[in-house]
Colleague: 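Supplied in C-alpha coordinates, the structure appears directly below.
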Amino acid sequence: MRVVSGVKKGLHLKAVPGTSTRPTTDKVKEAIFNIIGPYFDGGVGLDLFGGSGGLGIEALSRGIDKMIFVDRDQKAIQTIKGNLETCRLLDQAEVYRNDAVRALKAIVKRDIKFDVIFLDPPYKQQKLTELIEEISKHQLLTSDGVVIAEHDSEVLLEKSIGNLELVRHEEYGIIGVSLYRYEEGWEGEQK
(Lines give C-alpha, C1' and ligand atoms only; values in the text may rest on other atoms or scores of the structure.)
Protein backbone atom coordinates (compact mmCIF):
# COMPACT_ATOMS: atom_id res chain seq x y z
CA MET A 1 0.00 0.00 0.00
CA ARG A 2 1.41 3.36 -1.00
CA VAL A 3 0.57 6.98 -1.72
CA VAL A 4 -0.41 6.89 -5.40
CA SER A 5 0.05 10.54 -6.43
CA GLY A 6 0.78 14.08 -5.27
CA VAL A 7 3.57 15.50 -3.11
CA LYS A 8 3.93 12.28 -1.07
CA LYS A 9 3.77 9.95 -4.11
CA GLY A 10 5.48 6.60 -3.62
CA LEU A 11 5.66 6.63 0.18
CA HIS A 12 4.68 3.27 1.63
CA LEU A 13 1.88 3.05 4.18
CA LYS A 14 1.49 0.36 6.80
CA ALA A 15 -1.74 -1.61 7.07
CA VAL A 16 -3.61 -2.06 10.35
CA PRO A 17 -2.36 -5.27 12.00
CA GLY A 18 -4.81 -8.18 11.96
CA THR A 19 -7.83 -8.79 9.78
CA SER A 20 -10.30 -6.30 11.28
CA THR A 21 -9.76 -3.69 8.54
CA ARG A 22 -9.59 -3.92 4.76
CA PRO A 23 -7.48 -1.21 3.14
CA THR A 24 -8.64 0.37 -0.11
CA THR A 25 -6.49 -1.05 -2.89
CA ASP A 26 -4.22 1.30 -4.82
CA LYS A 27 -6.27 0.61 -7.97
CA VAL A 28 -9.55 1.64 -6.33
CA LYS A 29 -7.88 4.60 -4.60
CA GLU A 30 -6.55 5.86 -7.95
CA ALA A 31 -10.00 5.41 -9.53
CA ILE A 32 -11.71 7.33 -6.70
CA PHE A 33 -9.34 10.28 -7.03
CA ASN A 34 -9.64 10.32 -10.82
CA ILE A 35 -13.40 10.70 -10.30
CA ILE A 36 -13.27 13.45 -7.65
CA GLY A 37 -10.12 15.38 -8.55
CA PRO A 38 -7.63 14.15 -9.16
CA TYR A 39 -6.07 17.07 -7.25
CA PHE A 40 -7.38 19.67 -4.82
CA ASP A 41 -6.76 23.36 -4.33
CA GLY A 42 -6.96 23.26 -0.54
CA GLY A 43 -10.00 22.34 1.53
CA VAL A 44 -10.91 20.13 4.46
CA GLY A 45 -11.64 16.41 4.43
CA LEU A 46 -13.07 13.76 6.73
CA ASP A 47 -12.09 10.09 6.70
CA LEU A 48 -14.81 8.65 8.93
CA PHE A 49 -13.56 5.03 8.94
CA GLY A 50 -9.87 5.84 8.79
CA GLY A 51 -8.39 2.32 8.94
CA SER A 52 -4.77 2.84 7.91
CA GLY A 53 -5.47 6.43 6.83
CA GLY A 54 -4.77 5.67 3.17
CA LEU A 55 -7.66 7.65 1.63
CA GLY A 56 -7.16 10.71 3.81
CA ILE A 57 -3.38 10.69 3.35
CA GLU A 58 -3.89 10.42 -0.42
CA ALA A 59 -6.18 13.48 -0.25
CA LEU A 60 -3.55 15.42 1.71
CA SER A 61 -0.87 14.40 -0.80
CA ARG A 62 -3.14 15.68 -3.59
CA GLY A 63 -3.71 19.12 -2.07
CA ILE A 64 -6.34 18.97 0.70
CA ASP A 65 -5.17 21.33 3.48
CA LYS A 66 -6.50 19.43 6.48
CA MET A 67 -7.94 15.99 7.14
CA ILE A 68 -9.83 14.65 10.15
CA PHE A 69 -9.43 10.91 10.66
CA VAL A 70 -11.83 8.87 12.80
CA ASP A 71 -11.77 5.18 13.67
CA ARG A 72 -13.02 3.25 16.67
CA ASP A 73 -10.18 0.68 16.65
CA GLN A 74 -7.11 1.59 18.72
CA LYS A 75 -4.81 -0.33 16.33
CA ALA A 76 -6.18 1.73 13.44
CA ILE A 77 -5.58 4.98 15.33
CA GLN A 78 -1.96 3.98 16.00
CA THR A 79 -1.52 3.01 12.33
CA ILE A 80 -3.00 6.30 11.07
CA LYS A 81 -0.68 8.30 13.35
CA GLY A 82 2.32 6.23 12.24
CA ASN A 83 1.49 6.68 8.55
CA LEU A 84 0.94 10.42 9.02
CA GLU A 85 4.32 10.63 10.74
CA THR A 86 6.00 8.67 7.92
CA CYS A 87 4.49 11.09 5.40
CA ARG A 88 5.25 14.14 7.58
CA LEU A 89 1.60 15.16 7.58
CA LEU A 90 0.80 15.17 11.31
CA ASP A 91 0.46 18.98 11.35
CA GLN A 92 -2.31 18.77 8.72
CA ALA A 93 -4.35 16.14 10.54
CA GLU A 94 -6.57 15.49 13.53
CA VAL A 95 -6.98 11.86 14.60
CA TYR A 96 -9.79 10.69 16.89
CA ARG A 97 -10.78 7.34 18.30
CA ASN A 98 -14.56 7.35 18.14
CA ASP A 99 -17.62 5.66 16.72
CA ALA A 100 -18.72 7.18 13.37
CA VAL A 101 -22.13 8.37 14.60
CA ARG A 102 -20.68 9.99 17.74
CA ALA A 103 -17.92 11.56 15.68
CA LEU A 104 -20.46 13.18 13.33
CA LYS A 105 -22.32 14.60 16.35
CA ALA A 106 -19.06 16.10 17.66
CA ILE A 107 -18.26 17.54 14.22
CA VAL A 108 -21.70 19.19 13.99
CA LYS A 109 -20.89 21.11 17.20
CA ARG A 110 -17.67 22.39 15.59
CA ASP A 111 -19.52 23.81 12.57
CA ILE A 112 -17.06 22.42 10.01
CA LYS A 113 -17.89 22.05 6.31
CA PHE A 114 -16.02 19.44 4.30
CA ASP A 115 -14.91 19.37 0.68
CA VAL A 116 -14.63 15.58 0.75
CA ILE A 117 -15.95 12.92 3.13
CA PHE A 118 -14.82 9.30 2.81
CA LEU A 119 -17.11 6.56 4.13
CA ASP A 120 -15.50 3.12 4.03
CA PRO A 121 -17.09 1.13 6.86
CA PRO A 122 -16.59 -2.60 7.42
CA TYR A 123 -18.77 -4.21 4.74
CA LYS A 124 -20.67 -6.37 7.23
CA GLN A 125 -21.68 -3.42 9.46
CA GLN A 126 -22.67 -0.81 6.94
CA LYS A 127 -25.00 1.99 7.90
CA LEU A 128 -24.14 4.13 4.90
CA THR A 129 -27.66 5.45 4.30
CA GLU A 130 -27.97 6.62 7.91
CA LEU A 131 -24.53 8.26 7.83
CA ILE A 132 -25.24 10.05 4.54
CA GLU A 133 -28.59 11.22 5.97
CA GLU A 134 -26.75 12.72 8.95
CA ILE A 135 -24.24 14.44 6.66
CA SER A 136 -27.12 15.87 4.62
CA LYS A 137 -29.26 16.85 7.63
CA HIS A 138 -26.42 18.82 9.24
CA GLN A 139 -25.12 20.23 5.93
CA LEU A 140 -21.57 19.02 6.55
CA LEU A 141 -20.45 19.51 2.94
CA THR A 142 -19.33 22.67 1.20
CA SER A 143 -21.58 23.60 -1.74
CA ASP A 144 -19.43 21.58 -4.16
CA GLY A 145 -18.31 18.94 -1.64
CA VAL A 146 -18.58 15.19 -2.20
CA VAL A 147 -19.28 12.07 -0.15
CA ILE A 148 -17.50 8.96 -1.38
CA ALA A 149 -18.97 5.72 -0.04
CA GLU A 150 -17.09 2.47 -0.56
CA HIS A 151 -19.17 -0.67 -0.14
CA ASP A 152 -19.79 -4.21 -1.32
CA SER A 153 -20.65 -4.13 -5.03
CA GLU A 154 -23.93 -5.94 -4.30
CA VAL A 155 -25.11 -2.99 -2.15
CA LEU A 156 -27.30 -0.56 -4.06
CA LEU A 157 -27.66 2.80 -2.34
CA GLU A 158 -30.61 5.14 -2.91
CA LYS A 159 -30.39 7.65 -5.78
CA SER A 160 -31.23 10.43 -3.33
CA ILE A 161 -30.52 10.59 0.41
CA GLY A 162 -31.71 13.76 2.12
CA ASN A 163 -30.62 16.61 -0.16
CA LEU A 164 -27.69 14.61 -1.55
CA GLU A 165 -27.96 12.78 -4.84
CA LEU A 166 -26.02 9.86 -6.26
CA VAL A 167 -24.06 11.30 -9.17
CA ARG A 168 -21.82 8.36 -9.93
CA HIS A 169 -21.57 4.67 -9.11
CA GLU A 170 -18.68 2.45 -10.18
CA GLU A 171 -17.80 -1.17 -9.50
CA TYR A 172 -14.32 -2.64 -9.21
CA GLY A 173 -14.80 -6.38 -8.77
CA ILE A 174 -16.43 -6.90 -5.35
CA ILE A 175 -16.05 -3.20 -4.44
CA GLY A 176 -18.67 -0.58 -5.20
CA VAL A 177 -18.01 3.17 -5.00
CA SER A 178 -20.89 5.66 -4.83
CA LEU A 179 -20.41 9.42 -5.02
CA TYR A 180 -22.95 11.89 -3.62
CA ARG A 181 -23.22 15.67 -4.06
CA TYR A 182 -25.88 18.21 -3.15
CA GLU A 183 -28.82 18.10 -5.54
CA GLU A 184 -28.50 20.56 -8.40
CA GLY A 185 -29.86 23.97 -7.47
CA TRP A 186 -29.70 23.23 -3.74
CA GLU A 187 -28.46 26.28 -1.87
CA GLY A 188 -28.83 25.15 1.74
CA GLU A 189 -30.64 27.02 4.47
CA GLN A 190 -30.97 30.72 3.90
CA LYS A 191 -29.60 32.71 6.81
Side-chain angles (χ1 to χ4, degrees), residues 1-122 125 131 134-135 138-142 144-150 177 179:
M1 204 171 52
R2 64 189 173 86
V3 179
V4 177
S5 190
V7 296
K8 304 297 180 179
K9 179 180 179 175
L11 290 178
H12 288 276
L13 303 174
K14 291 186 176 162
V16 179
T19 58
S20 61
T21 63
R22 161 203 37 77
T24 301
T25 65
D26 288 349
K27 176 187 169 191
V28 173
K29 194 185 326 179
E30 179 71 23
I32 287 170
F33 282 92
N34 282 337
I35 292 169
I36 64 171
Y39 299 98
F40 302 94
D41 187 19
V44 181
L46 172 64
D47 194 345
L48 200 52
F49 296 87
S52 64
L55 286 171
I57 289 170
E58 188 73 32
L60 288 167
S61 179
R62 291 172 183 248
I64 285 284
D65 291 324
K66 183 175 184 170
M67 181 66 61
I68 296 175
F69 296 86
V70 177
D71 203 291
R72 66 178 183 189
D73 181 358
Q74 184 59 37
K75 287 182 196 169
I77 295 298
Q78 291 168 339
T79 303
I80 292 167
K81 288 179 179 177
N83 284 334
L84 285 165
E85 195 169 329
T86 296
C87 295
R88 297 188 177 146
L89 292 169
L90 275 170
D91 60 334
Q92 290 178 259
E94 295 177 27
V95 183
Y96 299 102
R97 182 175 180 205
N98 207 341
D99 169 81
V101 174
R102 276 201 222 123
L104 282 178
K105 287 179 182 172
I107 287 166
V108 167
K109 292 177 184 171
R110 291 179 62 184
D111 197 30
I112 301 173
K113 302 275 186 220
F114 296 98
D115 298 279
V116 61
I117 297 177
F118 297 108
L119 302 177
D120 184 11
Q125 306 164 20
L131 292 169
E134 284 298 303
I135 291 165
H138 296 292
Q139 301 173 24
L140 296 180
L141 288 177
T142 60
D144 58 350
V146 295
V147 174
I148 296 94
E150 189 178 325
V177 175
L179 186 138

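Side-chain atoms are counted along with the backbone in the values below, which use heavy atoms only and exclude waters and symmetry mates. In what follows, residues are counted from 1 in the order of the sequence shown.
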Colleague: Output yes when K9 and E30 qualify as a salt bridge under the 4.0 Å nitrogen-oxygen rule, no when they do not.
Modeller: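 Salt bridge: no.
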
Colleague: What are the two closest heavy atoms between C87 and L13, and how far apart are they?
Modeller: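 Heavy atoms of C87 and L13 come nearest at SG-CD2, 3.7 Å.
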
Colleague: Between side-chain atoms of residues 39-48 and protein atoms elsewhere (two or more places apart, or another chain), which donor-acceptor pairs fall under 3.5 Å?
Modeller:
| from | atom 1 | to | atom 2 | distance (Å) |
| --- | --- | --- | --- | --- |
| Y39 | OH | S5 | OG | 2.4 |
| D47 | OD2 | G56 | N | 3.2 |

Colleague: Is the backbone N or O of K75 less than 3.5 Å from a side-chain atom of T79, with the two atoms forming a donor-acceptor pair by type?
Modeller: yes

Colleague: Which ring-ring contact (aromatic ring centres under 6.0 Å, His included) pairs, counting each pair once, include a residue from residues 65-118, with sequence neighbours left out?
Modeller: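 The answer is F33-F118.
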
Colleague: So how far is it from D120 CG to I148 CD1, rounded to the nearest 0.5 Å?
Modeller: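 That separation rounds to 11.0 Å.
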
Colleague: Does I32 form a side-chain contact (heavy atoms from CB on, under 4.5 Å) with E150? I'd like the steps, not just the answer.
Modeller: CA-CA 9 Å; I32 287 170; E150 189 178 325; 4.2 Å; yes

Colleague: Quick one: OG1 on T86 to NE2 on H12, what's the gap to the nearest 0.5 Å?
Modeller: 11.0 Å

Colleague: Can you give me the closest heavy-atom contact between R97 and D73, atom names plus distance?
Modeller: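 Heavy atoms of R97 and D73 come nearest at NE-C, 4.2 Å.
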
Colleague: Could you pull out all residues at least two apart from D144 that satisfy side chain to side chain donor-acceptor pair (under 3.5 Å)?
Modeller: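 Expected list: T142.
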
Colleague: Ignoring hydrogens and geometry, is there a side-chain-to-backbone donor-acceptor pair from D115 to I64 under 3.5 Å?
Modeller: no

Colleague: Measuring from atom NZ of K8 to atom CG of N83, what distance do you get when rounded to the nearest 0.5 angstrom?
Modeller: 13.0 Å

Colleague: Return the CG to CG distance between L84 and L60, rounded to the nearest 0.5 Å.
Modeller: 7.0 Å

Colleague: Can you name the residues that form a side chain to side chain donor-acceptor pair (under 3.5 Å) with K66, not counting sequence neighbours?
Modeller: E94

Colleague: Can you give me the closest heavy-atom contact between A15 and S52, atom names plus distance?
Modeller: CA-CB, 4.3 Å

Colleague: Rounded to the nearest 0.5 Å, what separates atom CZ in R2 from atom NZ in K29?
Modeller: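 Going from the CZ atom of R2 to the NZ atom of K29 covers 8.0 Å.
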
Colleague: Donor-acceptor pairs under 3.5 Å, side chain of residues 98-105 to any protein atom, not counting sequence neighbours: which ones?
Modeller:
| from | atom 1 | to | atom 2 | distance (Å) |
| --- | --- | --- | --- | --- |
| D99 | OD2 | V101 | N | 3.1 |
| D99 | OD2 | R102 | N | 3.4 |

Colleague: Taking NZ in K113 as the centre, count heavy atoms belonging to other residues, nucleotides or ligands within less than 6.0 Å. Is the count above 12?
Modeller: yes

Colleague: For residues V4 and R62, determine if any side-chain heavy atom of one lies less than 4.5 Å from a side-chain heavy atom of the other.
Modeller: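 The answer is yes; the side chains approach within 4.5 Å.
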
Colleague: Under the ring pair (Phe, Tyr, Trp, His ring centres under 6.0 Å) test, which residues partner F49, sequence neighbours left out?
Modeller: none

Colleague: Measure the CD1-CD1 distance between I107 and I117 for me, rounded to the nearest 0.5 Å.
Modeller: 7.5 Å

Colleague: Indicate the atoms forming the closest heavy-atom contact of P38 with N34, along with that distance.
Modeller: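 Nearest pair, atom of P38 first, then N34: CB-OD1, 3.9 Å.
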
Colleague: Which heavy atom of D65 sits nearest to which heavy atom of Q92, and what is that distance?
Modeller: O-NE2, 2.9 Å

